[in-house]
Amino acid sequence: MKKVIVTGGSGFIGSNLIQLLLKKKYFVINIDKSSYSANPYNVKDFKYNKNYLFFKLDINQKNKIFKIIKKYKPAGIFNLAAETHVDRSIDNAQTFIKTNVLGVHNLLEAIRKSEKKIKNKLKFLQVSTDEVYGDIPSNTEAKEDYNYNPSSPYSASKAGADQLVRSYGRTYGIKILIANPCNNYGPNQFPEKFVPKMIFNILNGKNLPLYGKGQNVREWIYVKDNCEALLKIFNRGKIGKNYNIGSGTRLKNIDLIKKLLRIAKKKNIKLNKKTMIEFVFDRPGHDERYALNSSRIKREIGWKNKTNISNGLLKTIIWYMKNLNFFKKISKKNISKRLGLKI
Ligand SMILES: NC(=O)c1ccc[n+]([C@@H]2O[C@H](COP(=O)([O-])OP(=O)(O)OC[C@H]3O[C@@H](n4cnc5c(N)ncnc54)[C@H](O)[C@@H]3O)[C@@H](O)[C@H]2O)c1
């Protein structure tokens, strides 16, 4: 049985990835500091699985990470632990540098200092983002060799980490891989992010705040498809390479909201009169367009996106309808404070 570490496994993508790994009979060690975006609800079912272990731990705690690697000798680390909200990085970038750059450095150091036998076997998969490429002009797609040109402190911290990961591959021979996924949506996402926030507001009769005129284009992938891609990259990716993970489905933010509203109508969700699109002051440095060229992962690894956006959004809405209690578990005070943030 393959043992792997997933960092950030109590968050949105991490918890979906652990679900997949357990289904595929991996032994999974989740290392997560349980920050505000982690939710015990995301991992509540795992604790009954004998192939699951959880350490409430910051990836900056190098010695403890080193000991876990020494004891469990994992075949790999999927690094998803990160500060992930762009707006928060604009308010204050410090924790982003600490986790997304220094934390990654600590993980790499813990691997570098491990016994040769462990180090030679262990693969380190850094989960990056399409945001590292910055704004992509219309009629253009970012391939893996596209220049890094991050616009926000969040994407700059992820870009910095990617370069560090590459350098540890080159200099110390650590077996590294990098994934650059586009925007994910689906179950388990904390409701400060765009899609769950819109669904949450639709279900609770609130307005739908939209930056600028809603013209920014994003590429969207259903989280389960992204997790399958991550696992395939881990198993079949060429060491030292990075792989874009995109669906090819690119939508203006306003069109995504309209899609959600149409699906809500189809599902007979009663809309409150207050549920209207409200244009709000734009995010500084807001990238206009992301667009990935994902031919490498299809060609070299044989991964294909399965879920079309309408089906994926429908599944997501249904999940949030069924799991509204999930939100109620977060204290009212906290949730309004958190959702009080911009999108
Ligand atoms: N969500 C997306 O659309 C998207 C798209 C592309 C890439 N990514 C990347 O995927 C990864 C996961 O994103 P997500 O959306 O699941 O984020 P998330 O915010 O839902 O989860 C992040 C998890 O990391 C944990 N964490 C934060 N700092 C930590 C630290 N110092 N030590 C240990 N754990 C820590 C948090 O507690 C949380 O459980 C991130 O690296 C992100 O940059 C996300």
Side-chain angles (χ1 to χ4, degrees), residues 5-19 29-43 46 54-62 64-65 68 77-89 94-107 110 125-133 150 152-162 165 178-197 218-227 229-230 233 242-247 256 290 292 294 312 316 338 343:
I5 291 177
V6 175
T7 69
S10 308
F12 166 45
I13 302 177
S15 56
N16 279 287
L17 177 65
I18 292 178
Q19 227 177 67
I29 300 161
N30 175 12
I31 295 179
D32 196 300
K33 79 168 186 187
S34 300
S35 77
Y36 78 94
S37 73
N39 197 315
Y41 192 82
N42 290 351
V43 289
F46 303 154
F54 173 61
F55 291 95
K56 185 172 185 288
L57 194 65
D58 192 313
I59 55 169
N60 281 296
Q61 290 185 266
K62 190 166 63 198
K64 290 197 175 152
I65 302 276
I68 293 172
I77 298 180
F78 293 78
N79 181 37
L80 291 96
E83 290 292 335
T84 56
H85 195 42
V86 174
D87 288 332
R88 288 179 188 265
S89 82
Q94 202 167 14
T95 51
F96 288 73
I97 310 299
K98 199 162 175 229
T99 290
N100 301 3
V101 184
L102 297 178
V104 172
H105 178 240
N106 274 327
L107 292 173
L125 173 57
Q126 167 69 1
V127 180
S128 179
T129 163
D130 61 351
E131 299 195 26
V132 292
Y133 301 120
S152 69
Y154 161 69
S155 51
S157 69
K158 297 294 288 184
D162 289 4
V165 169
I178 299 175
N180 297 86
C182 64
N183 271 23
N184 280 232
Y185 65 92
N188 295 5
Q189 191 169 25
F190 188 73
E192 70 179 355
K193 299 282 171 57
F194 186 62
V195 168
K197 180 165 184 169
R218 296 292 178 264
E219 186 162 332
W220 292 97
I221 190 166
Y222 189 56
V223 65
K224 309 276 181 197
D225 289 329
N226 180 45
C227 290
L230 292 176
I233 293 171
N242 65 317
Y243 292 89
N244 289 341
I245 308 175
S247 62
L256 185 78
Y290 297 140
L292 287 175
S294 304
T316 308
R338 289 163 176 182
I343 309 163

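These numbers were taken from a predicted model, which means no experiment stands behind them. First listed ligand is number 1; within each ligand, the first listed atom is number 1.
- The line from CD of Glu192 to OG of Ser37 is 7.0 Å long, rounded to the nearest 0.5 Å.
- Judged by the shortest distance from any of its heavy atoms, Tyr36 lies outside the 4.0 Å radius around the atoms of ligand 1.
- Counting only distance, with no hydrogens or angles, the side chain of Asn180 and the backbone of Thr129 share a donor-acceptor pair below 3.5 Å.
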For residues 7-18, dump all side-chain donor-acceptor pairs below 3.5 Å to protein atoms at least two apart in sequence or in another chain.
| unit_1 | atom_1 | unit_2 | atom_2 | d |
| --- | --- | --- | --- | --- |
| Thr7 | OG1 | Asn79 | OD1 | 2.5 |
| Thr7 | OG1 | Leu80 | N | 3.0 |
| Thr7 | OG1 | Ala81 | N | 3.1 |
| Ser10 | OG | Asn30 | ND2 | 3.2 |
| Ser15 | OG | Gly11 | O | 2.6 |
| Ser15 | OG | Phe12 | O | 3.1 |
| Ser15 | OG | Asn188 | ND2 | 2.9 |
| Asn16 | OD1 | Lys224 | NZ | 2.8 |
| Asn16 | ND2 | Phe12 | O | 2.9 |
| Asn16 | ND2 | Pro187 | O | 3.1 |

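- Distances from ligand 1 to the non-hydrogen atoms of Ser15 include no value under 4.0 Å.
- Considering backbone and side-chain N/O atoms, Cys182 never comes within less than 3.5 Å of an N/O atom of ligand 1.
- At a heavy-atom cutoff of 4.0 Å, ligand 1 is contacted by both the backbone and the side chain of Val127.
- Within the 3.5 Å criterion, the main-chain N or O of Tyr41 finds a donor-acceptor partner in the side chain of Asn39.
- Rounding to the nearest 0.5 Å places CZ of Phe194 at 11.5 Å from NE2 of His85.
- Checked against the 6.0 Å centroid threshold, Phe190 and Tyr36 count as a close aromatic pair.
- Using a 4.0 Å cut-off between charged nitrogen and carboxylate oxygen, Glu83 and Lys98 do not count as a salt-bridge pair.
- Panel note: side chain Glu131, backbone Pro150; no donor-acceptor pair is recorded below 3.5 Å.
- Nearest protein heavy-atom contact of atom 34 (N) of ligand 1 is Lys33 N, 3.1 Å.
- One distance of note links CZ of Arg218 with CG of Asp130; it measures 8.0 Å at 0.5 Å rounding.
- Polar contact check, Ser35 against ligand 1: a nitrogen or oxygen pair lies under 3.5 Å apart.
- Scanning the protein for heavy atoms near atom 21 (O) of ligand 1, the closest one is Gly11 CA, 3.4 Å.
- By the 3.5 Å distance cut-off applied to N or O atoms, Ile31 is not counted among the residues near ligand 1.
- Listed by atom number, the atoms of ligand 1 under 4.0 Å from Thr84 heavy atoms are 13 (O), 17 (O), 18 (P), 19 (O), 40 (C), 42 (C).
- For atom 37 (O) of ligand 1, the nearest protein heavy atom (residue, atom name, distance) is Asp32 OD1, 2.6 Å.
- Annotation: atom 41 (O) of ligand 1 to nearest protein heavy atom, Lys158 NZ, 2.7 Å.
- Under the rule for a ring pair (Phe, Tyr, Trp, His ring centres under 6.0 Å), Tyr290 has no partner lying at least two apart in sequence or in another chain.
- Atoms of ligand 1 lying under 4.0 Å from any heavy atom of Tyr154, numbered from 1 in the order shown and given with element: 42 (C), 43 (O).
- Under a 3.5 Å cut-off, the side chain of Asn60 and the backbone N or O of Gly103 do form a donor-acceptor pair.
- If you check which protein heavy atom lies closest to atom 18 (P) of ligand 1, you get Ser37 OG, 3.6 Å.
- Closest to atom 15 (O) of ligand 1 among all protein heavy atoms lies Phe12 CD2, 3.6 Å.
- Looking at Lys98 against ligand 1, nothing comes within 4.0 Å, counting heavy atoms.
- Between Pro181 and ligand 1, a contact under 3.5 Å exists for no N or O pair.
- Near Leu57, meaning under 4.0 Å from any of its heavy atoms, are these atoms of ligand 1: 32 (N), 33 (C).
- Interface atoms of ligand 1 facing Gly8, defined by a heavy-atom separation under 4.0 Å, are 23 (C), 24 (O), 25 (C).
- Residue, atom and distance of the protein heavy atom nearest to atom 22 (C) of ligand 1 are Ala82 O, 3.6 Å.
- Taking only nitrogen or oxygen atoms, main chain and side chain alike, Ala81 does not reach within less than 3.5 Å of ligand 1.
- Distances shorter than 4.0 angstrom do not occur between any heavy atom of Asn79 and any atom of ligand 1.
- Remark: minimum distance from atom 16 (O) of ligand 1 to any protein heavy atom is reached at Ile13 N, 2.8 Å.
- Counting heavy atoms from C-beta outward, Ile65 and Leu57 have side chains that approach closer than 4.5 Å.
- Numbered from 1 in the order shown, with element, the atoms of ligand 1 that lie under 4.0 Å from a heavy atom of Ser34 read 37 (O).
- For the pair Gln61/Lys33, no side-chain contact is recorded, criterion being any heavy-atom separation below 4.5 Å from C-beta on.
- Using a 4.0 Å cut-off to heavy atoms of Asn183, the atoms of ligand 1 that qualify are 3 (O).
- In terms of polar-atom proximity, Asn184 is counted as a contact of ligand 1, with an N or O under 3.5 Å from an N or O of the ligand.
- Paired with Ile59 under the rule side-chain contact (heavy atoms from CB on, under 4.5 Å), one option of Asn106, Asp32, Thr99 passes, and it is Thr99.
- Minimum heavy-atom separation, Gly246 to Glu219: CA-OE2, 3.1 Å.
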